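To start, the structure under review is shown below, and the notes come after it.
Small disclaimer: the values here were computed from a predicted structure and weren't measured. Both ligands and their constituent atoms are indexed starting at 1 by order of listing. Residue numbers start at 1 and run along the sequence shown.
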Amino acid sequence: MAKIEKRSLIREGKAKILFETNQKDFIIQYFKDDATAFNAQKKGSIKNKGAINNAISSWIFQTLGKSGISTHFVEKLSEREMLVRRVQIIPVETVIRNKAAGSIVKRFNLKKGEPLSPELIEYFYKSDELGDPLICLNHIFHFNWASPEEIGEMVKISLQVNGLLRKVFEAVGLDLVDFKLEFGKDAQGNVILADEFTPDGSRLWDLKTGESMDKDRFRQDLGRVDETYEEVYERLRKFFEGKV
Ligand code: TMP
């Protein structure tokens with residue numbers, strides 16, 4: 001591939017900035033330290049989060065790729081930049097839950113930590129304006145947000161990711177409680193995993209203490225936010241170094 005050059009800004013999101021490159025099929029994801037919660041009603045920043053999330057996402061996407069799961073990841077370019085394939089983002093996010101936490105606890109009056117076995121998959125409509133509402137398949141098909149075949153692929157990939165990553169996190173002493181995935185369609189119309197996989201979009205509980213090791217520390221003002229991101233990074237670094 002010819003040398004990649006960063007070009008104009010495409011879009012600045014809450015945690016990342018997307019840039020054009022000199023090649024039309026590839027874009028750059030820049031990871032910021034900014035942190036938001038409750039649809040950006042709460043704003044702050046987490047020390048080094050951009051570098052940590054870029055590293056974690058890169059390791060995870062490479063690992064998933066090696067197991068045959070197609071992702072938009074191409075390569076890590078620098079501390080905070082990742083080269084990805086350009087995709088058309090599908091406006092439906094999947095949330096995979098192994099245990100009850102967060103919004104589902106209130107919605108169905110569940111006990112926090114209650115196992116959801118087998119894992120539960122939910123769909124959310126990707127819209128900052130609407131605060132990413134929970135949706136069902138009827139909405140997805142009625143509004144043509146994704147086809148039944150595309151949803152089938154998204155569910156298949158979501159379950160594969162859960163199976164693989166539960167083991168990865170268990171190996172570093174973390175319980176993968178839940179996580180959110182985003183998908184895109186490549187130039188050939190294939191559904192592939194996009195966006196990121198980080199402690200911003202997942203719940204990771206320490207297997208020994210049960211403590212939250214993810215963005216819930218920021219959302220709920222639990223303290224030791226910077227240190228926790230650093231700790232998750234260090235555990236995963238030890239696990240992945242030499243493996244990917
Ligand atoms: P929830 O319990 O708030 O519905 O969140 C479920 C999972 O999805 C949790 O790991 C955090 C993640 N998530 C995001 O990544 N972005 C969001 O906007 C929300 C609401 C949740």
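Annotation: atom 18 (O) of ligand 1 to nearest protein heavy atom, Asp132 OD2, 3.5 Å. From the protein, the heavy atom lying nearest to atom 5 (O) of ligand 1 is Arg203 NH1, 3.5 Å. For atom 8 (O) of ligand 1, the closest non-hydrogen atom on the protein side is Lys180 CB, 3.5 Å. Taking atom 11 (C) of ligand 1 as the reference point, the nearest protein heavy-atom neighbour is Arg219 NH2, 3.6 Å.
Minimum interatomic distance between Asn54 and Ser58 (heavy atoms only, all atoms of both residues): O-OG, 2.7 Å.
Here the CD-CZ distance, from Glu230 to Arg237, works out to 9.5 Å after rounding to the nearest 0.5 Å. We find the CZ-CG distance between Phe197 and Leu64 to be 8.5 Å, quoted to the nearest 0.5 Å.
Using bins of under 30°, 30° to 60° and over 60° for the plane-to-plane angle, the ring pair Tyr233/Trp59 lands in the parallel bin.
Between Glu20 and the options Lys6, Arg86, Arg11, a salt bridge (Lys or Arg N to Asp or Glu O under 4.0 Å) holds for only Arg86.
Within 6.0 Å of atom CD in Glu12, more than 12 heavy atoms from other residues, nucleotides or ligands are found, so the atom counts as buried in its surroundings. Within a 6.0 Å sphere centred on CD of Glu75, heavy atoms belonging to other residues, nucleotides or ligands number more than 12.
The six-membered or imidazole ring of Phe61 lies near that of His72, with a centre-to-centre distance under 6.0 Å.
With a 4.0 Å cut-off on non-hydrogen atoms, Glu122 does not touch ligand 1 at all. Counting heavy atoms under 4.0 Å from ligand 1, residue Ser103 touches it through both backbone and side chain.
Of all atoms in ligand 1, numbered sequentially from 1 with element shown, those under 4.0 Å from a heavy atom of Gly102 are 2 (O). Listed by number with element, the atoms of ligand 1 under 4.0 Å from a non-hydrogen atom of Arg97 are 1 (P), 2 (O), 4 (O), 6 (C). Here is the list of ligand 1 atoms found below 4.0 Å of a heavy atom in Ala101: 2 (O). Which parts of ligand 1 touch Val95 is read off a 4.0 Å heavy-atom cut-off, strictly below it: atoms 6 (C), 8 (O).
Residue contacts with ligand 1: Asp178 is placed with a nitrogen or oxygen under 3.5 Å of a nitrogen or oxygen of the ligand (distance criterion only).
Taking a distance limit of 4.0 Å, we find that atom 20 (C) of ligand 1 is approached by no protein heavy atom.
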